[in-house]
Asker: 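The structure follows.
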Amino acid sequence: MNLLAHLHVGDRLSPVAAAGNLAADFCRKSDCPEYRKGIELHKKIDAFTDSHPVVLEARKLFPGKLRRFAPVILDLVFDHCLSQSWKKWQSTIPRGEFIESRLTEILQCTPQLPSQASMMIRSMHQTKLLHRYSELAGVEFSMRRIVARRPKFEPMLQAIALLESHYPLIDQTFQIFYPELLAHTIENPSDIALKT
């Protein structure tokens, strides 16, 4: 799953654990036990996603060399799917308000966060990155940011032309998969650091 989904699935986490869940791909090391619990939840979410049958089937939508990048592409498009169906998953707080509130809570804990995680989340907040997923153009924006950091991912940009035609099937996959992910994290919370 990508950033918006991690933020949403981790809604019950304390702000420090939520930071670990959100920034785990960028900063995996910390002396803070609460941050590390967020990293553990991130890993559980990713493992569940990467092994789910409908997600594995959806990866086949991307042919040839694109198949290698299908997990990243789907993660990004799933954030768009979540944005588009937000009220279904979070009926009490509008998407924009949720993002702003949650990121603000996390950034108030900056002294407890690894500097790399803090910088990444601050940048995400300032650039309104999570808000951009409401449009498919936001998915393209994120793809281009990934390629700028990791040029070997450049072939992934060929998927941009396929996103609109594949979107109905990807959204269908998301609508089947996401409630199962939410149930999985609620039923298997381990010892994550919850809000108090």
Side-chain angles (χ1 to χ4, degrees), residues 1-10 18-30 35-36 38-52 54-84 99 102-103 106-107 110 113-167 169-171 173-174 177-178 181:
M1 297 304 289
N2 197 46
L3 299 168
L4 180 59
H6 275 288
L7 191 69
H8 181 245
V9 173
N21 179 37
L22 190 59
D25 287 335
F26 301 87
C27 181
R28 294 181 181 272
K29 294 184 179 179
S30 174
Y35 183 89
R36 290 198 304 269
I39 291 174
E40 289 307 309
L41 178 61
H42 182 107
K43 289 178 182 176
K44 286 181 181 182
I45 291 168
D46 284 358
F48 185 81
T49 303
D50 291 341
S51 63
H52 197 286
V54 297
V55 176
L56 294 174
E57 189 63 27
R59 290 179 183 175
K60 296 176 184 175
L61 292 169
F62 300 95
K65 293 181 181 179
L66 281 179
R67 184 74 49 84
R68 173 182 169 212
F69 303 102
V72 178
I73 296 165
L74 285 175
D75 281 354
L76 294 170
V77 182
F78 281 167
D79 267 6
H80 176 66
C81 298
L82 175 57
S83 285
Q84 291 297 300
I99 293 168
R102 203 64 178 124
L103 292 181
I106 291 168
L107 289 170
T110 295
L113 304 181
S115 59
Q116 189 178 1
S118 179
M119 287 190 308
M120 173 261 188
I121 295 168
R122 190 169 304 284
S123 172
M124 184 190 310
H125 190 225
Q126 290 170 345
T127 61
K128 305 280 188 190
L129 179 65
L130 301 186
H131 297 276
R132 290 176 182 252
Y133 290 116
S134 63
E135 304 292 335
L136 275 176
V139 174
E140 179 179 347
F141 175 80
S142 287
M143 283 185 179
R144 294 191 183 282
R145 281 173 54 112
I146 290 168
V147 169
R149 289 193 314 269
R150 302 178 73 179
K152 69 179 182 179
F153 277 59
E154 187 169 2
M156 179 174 69
L157 297 179
Q158 296 169 24
I160 292 167
L162 301 174
L163 292 183
E164 281 196 35
S165 61
H166 287 348
Y167 181 73
L169 282 173
I170 295 171
D171 185 59
T173 298
F174 176 80
F177 158 73
Y178 199 61
L181 173 65

Asker: CG of Leu3 to CE of Met124: how many Å apart, nearest 0.5 Å?
Answerer: 4.5 Å
Asker: Leu129 and Phe141: side-chain contact (heavy atoms from CB on, under 4.5 Å), yes or no, with the steps?
Answerer: CA-CA 9 Å; Leu129 179 65; Phe141 175 80; 3.7 Å; yes
Asker: For the residue pair Thr110 and Ile121, establish whether any side-chain heavy-atom pair is separated by less than 4.5 Å.
Answerer: no
Asker: Locate the shortest heavy-atom distance separating Pro151 from Ala148; write the atom from each residue and the value.
Answerer: CD-O, 4.4 Å
Asker: Can you sort out the partners of Arg28 under salt bridge (Lys or Arg N to Asp or Glu O under 4.0 Å), two or more places apart, ordered by chain and number?
Answerer: Asp25
Asker: Once salt bridge (Lys or Arg N to Asp or Glu O under 4.0 Å) is applied, do any residues pair with Arg36, and if so which ones, sequence neighbours excluded?
Answerer: none
Asker: Locate the shortest heavy-atom distance separating Cys27 from Ile39; write the atom from each residue and the value.
Answerer: O-CD1, 3.9 Å
Asker: Measure the spacing between CG of Leu61 and CG of Leu162 and express it to the nearest 0.5 Å.
Answerer: 9.0 Å
Asker: Can you measure from SG (Cys81) to CG (Leu76) and round to the nearest 0.5 angstrom?
Answerer: 11.0 Å
Asker: Name the residue from Thr49, Asp79, Asp75 that meets the side chain to side chain donor-acceptor pair (under 3.5 Å) definition with Asn2.
Answerer: Asp79
Asker: Do Phe69 and Met143 come within less than 4.5 Å of each other through their side chains, counting heavy atoms only?
Answerer: no
Asker: Do Leu74 and Phe174 make a side-chain contact, defined as non-hydrogen atoms from C-beta onward lying under 4.5 Å apart?
Answerer: no
Asker: Glu154: which residues meet the salt bridge (Lys or Arg N to Asp or Glu O under 4.0 Å) condition with it, sequence neighbours left out?
Answerer: none
Asker: Could you tell me which non-hydrogen atom of Tyr35 sits nearest to which non-hydrogen atom of Ala117, and how far apart they are?
Answerer: OH-CB, 3.3 Å
Asker: Stepwise, does the ring pair (Phe, Tyr, Trp, His ring centres under 6.0 Å) test hold for His166 with Phe62?
Answerer: CA-CA 9 Å; His166 287 348; Phe62 300 95; 5.6 Å; yes
Asker: Hey, are the side chains of Leu82 and Tyr178 touching, using non-hydrogen atoms and a 4.5 Å cut-off?
Answerer: yes
Asker: Any side-chain heavy atom of Lys60 sitting closer than 4.5 Å to one from Arg67?
Answerer: yes
Asker: For Glu140, enumerate each residue passing the salt bridge (Lys or Arg N to Asp or Glu O under 4.0 Å) test, keeping only those at least two apart in sequence or located in another chain.
Answerer: Arg144
Asker: For Gly10 and Leu41, which heavy atoms make the closest approach, and how far apart are they?
Answerer: CA-CD2, 4.5 Å
Asker: So, His80 versus Asp171: side-chain donor-acceptor pair below 3.5 Å or not?
Answerer: no
Asker: What heavy-atom pair brings Ile99 and Leu7 nearest, and what distance separates the two atoms?
Answerer: CA-CD2, 4.2 Å
Asker: Can you tell whether the side chains of Asp50 and Arg59 come within less than 4.0 Å, N to carboxylate O?
Answerer: yes
Asker: What's the separation between atom CZ in Arg68 and atom CD1 in Ile73, rounded to the nearest 0.5 Å?
Answerer: 11.0 Å
Asker: Hey, what do you get for CG (Leu56) to OG1 (Thr173), rounding to the nearest 0.5 Å?
Answerer: 10.5 Å
Asker: If only atom types and distance count, is the side chain of Ser123 paired as donor or acceptor with the main-chain N or O of Met120 below 3.5 Å?
Answerer: no
Asker: To the nearest 0.5 Å, how far apart are OG in Ser142 and CG in Leu130?
Answerer: 8.5 Å
Asker: Measure the shortest side-chain to side-chain distance between Phe177 and Phe48 over non-hydrogen atoms and say whether it is less than 4.5 angstrom.
Answerer: yes
Asker: By the salt bridge (charged side-chain N to carboxylate O under 4.0 Å, His left out) test, which pairs, at least two apart or in different chains, include something from residues 116-137?
Answerer: Glu100-Lys128
Asker: Sequence neighbours excluded, which residues qualify as side-chain hydrogen bond (donor to acceptor under 3.5 Å, both in side chains) partners of Thr127?
Answerer: none
